[in-house]
**Q** 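Please see the structure below; I have some questions.
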Amino acid sequence: LGSVGSERGQLGRVRALLAGCYLWDNTDAMKYLGALDSKRLYRRAPGRSRHAIDQLGSQLYRNKDKDALVTGYVSVYGLATASDALEIAAKKLAAKNKVPFHQHEAYIPDATAADSKALGKSRMRHLAEIGVLDRNATFVHMTALDAADERVVKKTGLSIVWCPHAYMQHAGFKYHSRIPRMYKDGVNVTLGTDGTMDAAIGDAGYAAYYVAAGLGEPISAGDVVEMQTIRAAKVAGMAARVGSLEAGKRADIVIRAANVAESYPAVNPLHQLALMGNSGGVDTVLVNGKVVWRGGHSTRVDEAQIFARAKASVERRMKRLGLKPAIGWPVVR
């Protein structure tokens with residue numbers, strides 16, 4: 001996502017962070033990562049150290065404009081696909097430019113187990129030893145952790161983007177997620193999806209609520225809202241600018257409709273906001289004080305045109321790859 005076109009002819013205005021393409025220099029671990037182990041992908045993102053280091057920070061040029069809606073940060077893919085040299089280079093670049101450093105970690109349990117066996121210790125402990133973990137680092141997923149890893153997270157101040165849908169899909173409850181407890185112990189946790197095939201934007205909040213309950217570590221509706229706002233702003237390196245309604249911050253605001261069924265019985269607005277509302281109930285959105293969504297529709301784009309283009313793009317890609325939708329029921333068109 002990003003700002004597209006000139007101010008006059010602009011198609012859309014969103015706040016977003018970009019870090020470039022997948023960066024890795026060790027593809028041995030990719031055999032555990034399913035469809036990502038792809039020759040087609042390696043042509044776009046070759047697993048070579050020089051290429052990866054050269055591409056680090058490719059989006060940081062965006063930060064020259066202090067008011068830019070779309071800014072850059074530093075990221076590598078993670079999951080044992082980055083050498084120590086690449087990890088250290090990425091972390092140093094993030095620190096030099098005062099931007100967040102992100103990567104995936106402890107996502108696929110089999111990959112995590114194989115990596116720990118090869119290292120003779122967990123990846124988390126190894127990264128702590130080489131100085132990659134601190135309060136400016138954020139790791140995504142963090143499913144397959146042990147008690148020692150949990151202590152590392154708390155000690156270093158690392159932030160976590162928890163993807164509850166991915167947790168259920170890739171680990172189920174085979175691994176007892178430590179994230180709800182770490183959140184209660186003060187670790188900065190926000191929410192993500194990392195995959196839109198089976199979850200829509202906004203679904204992560206109530207997924208986290210029910211997963212935490214299933215783990216015996218319940219979180220509240222207020223916790224969900226906090227994870228989606230001020231804690232999300234922190235992992236984006238933007239806590240001083242967005243994430244809460246305060247004087248001096250940018251006006252990024254979502255207003256939900258009060259005249260839709262999901263807004264009722266309206267006796268507990270926080271509960272309704274966190275657990276009952278979805279994207280279809282959004283009435284108005286402001287980004288940087290500008291209204292980009294009003295009455296449930298975009299003020300900036302022709303929605304029908306955008307939807308048609310998105311569908312056509314996916315259909316072309318499926319045809320090229322020889323894929324068909326997995327539909328178990330008869331569909332009449």
Side-chain angles (χ1 to χ4, degrees), residues 17-30 32-33 45 47-60 63 72-109 111-163 178-179 182 185-190 192 194 231 234-237 239:
L17 282 82
L18 297 177
C21 193
Y22 291 144
L23 294 182
W24 43 45
D25 61 355
N26 178 13
T27 57
D28 293 344
M30 301 298 287
Y32 296 100
L33 305 185
R48 298 193 299 269
S49 295
R50 187 69 264 167
H51 171 85
I53 289 176
D54 286 346
Q55 290 297 309
L56 279 175
S58 63
Q59 299 296 317
L60 294 180
N63 300 350
Y73 69 109
V74 175
S75 177
V76 297
Y77 188 74
L79 293 173
T81 66
S83 65
D84 288 358
L86 179 57
E87 291 276 6
I88 292 169
K91 190 66 185 69
K92 285 183 176 179
L93 184 64
K96 178 181 178 181
N97 288 274
K98 299 180 180 179
V99 298
F101 167 65
H102 285 216
Q103 72 176 48
H104 293 69
E105 200 53 65
Y107 179 17
I108 305 296
T112 300
D115 186 36
S116 296
K117 183 177 180 180
L119 286 170
K121 67 186 79 170
S122 78
R123 172 64 54 173
M124 292 300 300
R125 276 162 274 178
H126 177 70
L127 293 176
E129 290 171 0
I130 64 174
V132 171
L133 309 185
D134 61 19
R135 294 185 179 277
N136 193 46
T138 294
F139 282 11
V140 184
H141 295 295
M142 300 290 276
T143 294
L145 303 179
D146 61 23
D149 294 330
E150 183 177 341
R151 290 192 292 271
V152 167
V153 172
K154 293 176 181 177
K155 182 178 180 180
T156 59
L158 181 76
S159 291
I160 296 173
V161 176
W162 184 26
C163 303
R178 297 171 180 271
I179 294 177
M182 287 193 286
D185 289 342
V187 174
N188 187 56
V189 175
T190 185
D194 194 20
R231 289 178 177 261
K234 182 177 179 181
V235 303

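All values below come from the heavy atoms of this structure, side chains included, with hydrogens, waters and symmetry mates left out.
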**Q** Ignoring hydrogens and geometry, is there a side-chain-to-backbone donor-acceptor pair from N26 to S83 under 3.5 Å?
**A**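 Side chain of N26 to backbone of S83, a donor-acceptor pair under 3.5 Å: no, none is there.
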
**Q** If you measure from CD on E105 to CD1 on I160, what distance do you get to the nearest 0.5 Å?
**A**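 The CD atom of E105 sits 11.5 Å away from the CD1 atom of I160.
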
**Q** According to ring-ring contact (aromatic ring centres under 6.0 Å, His included), does anything in residues 74-98 pair up with another residue at least two apart or in another chain? List the pairs.
**A**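 Non-adjacent pairs meeting ring-ring contact (aromatic ring centres under 6.0 Å, His included): Y22-Y77, W24-Y77, Y77-H104.
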
**Q** Ignoring hydrogens and geometry, is there a side-chain-to-backbone donor-acceptor pair from N97 to L93 under 3.5 Å?
**A**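 Confirmed, N97 side chain pairs with L93 backbone.
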
**Q** Report the residues that fulfil side-chain hydrogen bond (donor to acceptor under 3.5 Å, both in side chains) with Y73, sequence neighbours left out, ordered by chain and then residue number.
**A**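 Residues passing side-chain hydrogen bond (donor to acceptor under 3.5 Å, both in side chains) with Y73: none at all.
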
**Q** Roughly how far, to the nearest 0.5 Å, is CG of D146 from CZ of R151?
**A**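 R151 CZ to D146 CG: 8.0 Å, rounded to 0.5 Å.
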
**Q** Nearest 0.5 angstrom please: L133 CG to F101 CZ, how far?
**A**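 So the gap between those two atoms works out to 8.5 Å.
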
**Q** Assess the residue pair E150 and K154 against the criterion (salt bridge (charged side-chain N to carboxylate O under 4.0 Å, His left out)); give the C-alpha distance rounded to whole Å, side-chain angles, the decisive distance to 0.1 Å, and a yes or no.
**A** CA-CA 6 Å; E150 183 177 341; K154 293 176 181 177; 3.0 Å; yes

**Q** Once rounded to the nearest 0.5 Å, what's the spacing between atom CG of L79 and atom CZ of R123?
**A**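 Here the interatomic distance stands at 9.0 Å.
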
**Q** Using atom types as modelled and distance alone, determine if a side-chain donor or acceptor of S122 lies under 3.5 Å from a backbone N or O of R125.
**A**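 Yes.
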
**Q** For residues 87-96, which residue pairs qualify under side chain to side chain donor-acceptor pair (under 3.5 Å), counting only residues two or more places apart or in two chains?
**A**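 Residue pairs with at least one partner in residues 87-96: E87-Q103, K91-D134.
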
**Q** Can you list the steps and then say if D54 with R48 is a salt bridge (charged side-chain N to carboxylate O under 4.0 Å, His left out)?
**A** CA-CA 10 Å; D54 286 346; R48 298 193 299 269; over 6 Å; no

**Q** Look only at the side chain of R231 and the backbone of V187, and say whether a donor-acceptor pair between them is shorter than 3.5 Å.
**A**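 A pair under 3.5 Å: yes.
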
**Q** Check whether S75 reaches the backbone of H102 with its side chain - one donor and one acceptor, N or O, closer than 3.5 Å.
**A**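 Yes; judged by distance alone, with no hydrogens or angles, the pair exists.
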
